[in-house]
Amino acid sequence: MKLTILGGGGFRVPLVYGALLQDHAEGRVTHVVLHDLDAGRLSAVTRVLAEQAAGVPDAPEVSATTDLDEALRGADFVFSAIRVGGLEGRANDERVALAEGVLGQETVGAGGIAYGLRTVPVAVDIARRVARLAPEAWVINFTNPAGLVTEAMSRHLGDRVIGICDSPVGLGRRIARVLGANPKEAWIDYVGLNHLGWVRGLHVAGRDELPRLLGDPDLLGSFEEGKLFGVDWLRSLGAIPNEYLHYYYFNREAVRAYQQAEKTRGAFLHDQQARFYAEMKNPDAPALKVWDDTRAEREATYMAENRETAGAGERDEDDLSGGYEKVALALMRAIARDERTTLILNVRNRRTLSVLDTDAVIEVPCLVDANGAHPVTVEPLPDHATGLVCAVKAVEREVLSAADSGSQASAVKAFALHPLVDSVNVARRLVEGYTEVHPGLAYLR
């Protein structure tokens with residue numbers, strides 16, 4: 001079975017390959033094709049993968065190419081993990097937004113809109129190529145903003161593109177752990193958009209254990225989200241929000257922390273990964289060790305400004321292992337082998353949330369089998385959550401409209417309508433600022 005990874009020179013690719021090395025079942029991946037526009041990054045990641053595979057007799061073959069069409073032909077699965085504009089683009093997203101006093105985070109607020117505006121046209125081109133060159137392939141989208149990009153690709157691939165994120169999985173795992181439950185035996189009632197969702201229940205053996213958590217202040221304050229949001233706020237909500245909702249509920253504090261930080265997250269990762277790829281040019285460097293040390297630092301500093309604002313302290317060691325690669329492999333196995341499972345995924349709404357149309361991509365538990373991912377019916381969201389979901393989905397639709405038409409007016413509207421952008425004039429200046437620093441936004445007129 002052939003797996004093509006777009007963005008194959010990306011830093012997190014070894015996580016995916018490491019998970020593949022643990023799969024020895026029939027019908028496993030036997031060939032991994034890495035595609036990237038940067039041959040140097042491809043070479044660096046290929047070295048790490050070679051060291052990972054040392055001593056594994058049935059390790060999947062790895063090849064690399066800068067030719068997209070070549071990478072796609074004959075693929076059974078395509079993992080899309082591209083970063084249009086690189087980490088320099090992410091750093092610019094943050095800088096332009098923070099100069100206007102609004103959030104520049106990669107997937108939330110002004111930064112997420114800017115990233116979406118330059119990513120959607122590229123993702124749409126990929127979707128069209130997949131439809132032409134590998135029409136039977138399943139696309140698993142890692143590319144952020146994951147929900148928005150998945151929806152853009154679904155207009156050309158239908159249900160054969162599925163978006164994934166490890167945030168809901170990690171949240172469910174933490175809740176189960178603090179309740180003393182096995183995460184594999186728990187049903188997580190989670191619903192929303194990517195990076196904008198809430199856990200409303202955690203069912204074990206038919207019993208919802210979330211009320212027990214919400215009723216115990218000590219237990220509730222003992223894990224990441226309890227520390228991040230505070231016990232009182234979680235009890236007021238009656239739910240556990242995805243960690244990215246900290247940018248909404250504590251926006252002023254988050255913006256101030258980012259403005260005062262020595263470096264933004266994008267700038268930190270840009271410098272960190274530049275060191276990694278530079279070191280990989282040394283043929284004597286221990287590739288796997290250098291990568292692993294860099295990864296550990298990256299994970300430990302994740303959302304550091306938010307945790308500092310909330311006084312949440314360091315991340316728990318159990319939360320440093322990532323997990324998106326496990327979601328991706330579980331999804332791929334379920335489809336390829338008809339190993340039926342339940343996963344929280346980004347898929348077309350159909351009739352799951354009545355406040356959104358059928359084609360809107362949402363993040364929700366899905367039953368997965370050989371025919372793909374099928375969203376599970378969920379209870380309606382409370383009004384406060386419905387308002388946020390509808391507002392952000394409207395923004396995403398304006399981003400898609402701008403990417404399709406090249407309309408600068410639609411881009412301004414996308415920024416202006418976002419709950420975290422507080423002025424139409426700010427929205428106009430954001431569009432001006434982003435078009436100045438991003439050549440990829442030259443299509444806006």
Side-chain angles (χ1 to χ4, degrees), residues 1-36 41-65 71 75-83 138-144 146 162 164-167 169-170 173 183-184 269 272-273 276-277 279-280 285-302 315-337 339 341 343:
M1 189 163 66
K2 176 180 174 180
L3 167 64
T4 293
I5 302 179
L6 307 182
F11 183 77
R12 296 206 291 179
V13 168
L15 292 172
V16 176
Y17 191 66
L20 289 173
L21 291 175
Q22 299 175 33
D23 185 9
H24 304 283
E26 186 177 350
R28 65 189 179 87
V29 171
T30 55
H31 184 196
V32 176
V33 179
L34 307 181
H35 171 268
D36 204 285
R41 290 167 64 94
L42 279 176
S43 176
V45 171
T46 301
R47 281 186 59 194
V48 177
L49 269 51
E51 290 193 15
Q52 284 182 302
V56 181
D58 58 349
E61 173 192 355
V62 176
S63 60
T65 179
D76 297 290
F77 286 87
V78 177
F79 286 2
S80 180
I82 63 174
R83 181 175 289 281
W138 291 87
V139 176
I140 300 177
N141 178 55
F142 299 70
T143 301
N144 278 325
I162 300 167
I164 69 165
C165 180
D166 57 352
S167 288
V169 176
R173 183 177 63 233
K184 295 180 180 180
L269 291 176
Q272 186 204 46
Q273 292 193 22
F276 166 75
Y277 287 106
E279 193 164 354
M280 285 299 94
L288 182 56
K289 182 181 186 305
V290 173
W291 174 82
D292 203 40
D293 290 346
T294 306
R295 182 192 62 83
E297 181 187 30
R298 173 192 175 114
E299 295 295 339
T301 56
Y302 178 68
R315 294 185 77 194
D316 291 339
E317 187 174 346
D318 289 341
D319 293 330
L320 299 181
S321 59
Y324 87 115
E325 72 283 357
K326 297 175 184 176
V327 181
L329 268 294
L331 173 58
M332 187 171 65
R333 284 196 298 266
I335 294 174
R337 306 173 193 169
E339 293 182 1
T341 190
L343 298 168

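As the structure is a computational prediction, the values presented were derived from the model and not from experiment.
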Spatial distance of atom CD (Q272) from atom CD (E297) [nearest 0.5 Å]: 4.5 Å
Could you tabulate the donor-acceptor pairs under 3.5 Å formed by side-chain atoms of residues 15-23, not counting sequence neighbours?
residue: Y17; atom: OH; partner: P60; partner atom: O; Å: 2.8
residue: D23; atom: OD1; partner: A25; partner atom: N; Å: 3.2
residue: D23; atom: OD1; partner: R337; partner atom: NH2; Å: 3.0
residue: D23; atom: OD2; partner: R337; partner atom: NH2; Å: 2.4

Rounded distance (nearest 0.5 Å) linking atom CD1 of I5 with atom CG of D36: 11.0 Å
Qualifying residue, where the test is side chain to side chain contact (heavy atoms under 4.5 Å, CB included) with F77 and the options are L331, T4, L3, V139: L3
Residues that S80 engages under side chain to side chain donor-acceptor pair (under 3.5 Å), provided they are two or more places apart: T143
From CG (L269) to OG1 (T294), nearest 0.5 Å: 11.0 Å
Residue pairs fulfilling side chain to side chain donor-acceptor pair (under 3.5 Å) with at least one residue in residues 46-58, sequence neighbours excluded: H24-D58
Contacts of T65 that satisfy side chain to side chain donor-acceptor pair (under 3.5 Å) - sequence neighbours left out: E70
D292 bridged to K289 by N-O distance under 4.0 Å: no
Counterpart residues, side chain to side chain donor-acceptor pair (under 3.5 Å), relative to R83 (two or more places apart): E106
Contacts of type side chain to side chain donor-acceptor pair (under 3.5 Å), residue Q273, not counting sequence neighbours: none
Chi angles and distances behind the side chain to side chain contact (heavy atoms under 4.5 Å, CB included) call for I335, I162: CA-CA 11 Å; I335 294 174; I162 300 167; 4.1 Å; yes
N/O donor-acceptor pair under 3.5 Å between W291 side chain and P286 backbone: no
Gap separating the CG atom of L42 from the CG atom of L34, nearest 0.5 angstrom: 6.0 Å
A75 versus A71, closest heavy-atom pair with distance: CB-O, 4.5 Å
Euclidean distance, R28 CZ relative to M332 CE, rounded to 0.5 Å: 11.0 Å
Ring-face cation of R12 near Y324 (centre distance under 6.0 Å, axis angle within 45°): yes
Residues in side-chain contact (heavy atoms from CB on, under 4.5 Å) contact with T341, at least two apart in sequence or another chain: A334, L343, V368
Atom of Y277, atom of G9 and distance for their closest heavy-atom approach: OH-O, 2.5 Å
For I164 against A146, the heavy-atom pair lying closest together: O-CB, 4.1 Å
Closest heavy-atom pair and its distance - M280, A285: CE-CB, 4.1 Å
Heavy-atom closest pair, residues P14 and V48: CG-CG1, 3.7 Å
Which residues share a side-chain contact (heavy atoms from CB on, under 4.5 Å) with V169, sequence neighbours left out: R173, V327
Reported CG-to-CZ distance for the pair L329 and F79, which is rounded to 0.5 angstrom: 5.5 Å
side-chain contact (heavy atoms from CB on, under 4.5 Å) against E61, all qualifying residues, sequence neighbours excluded: H31
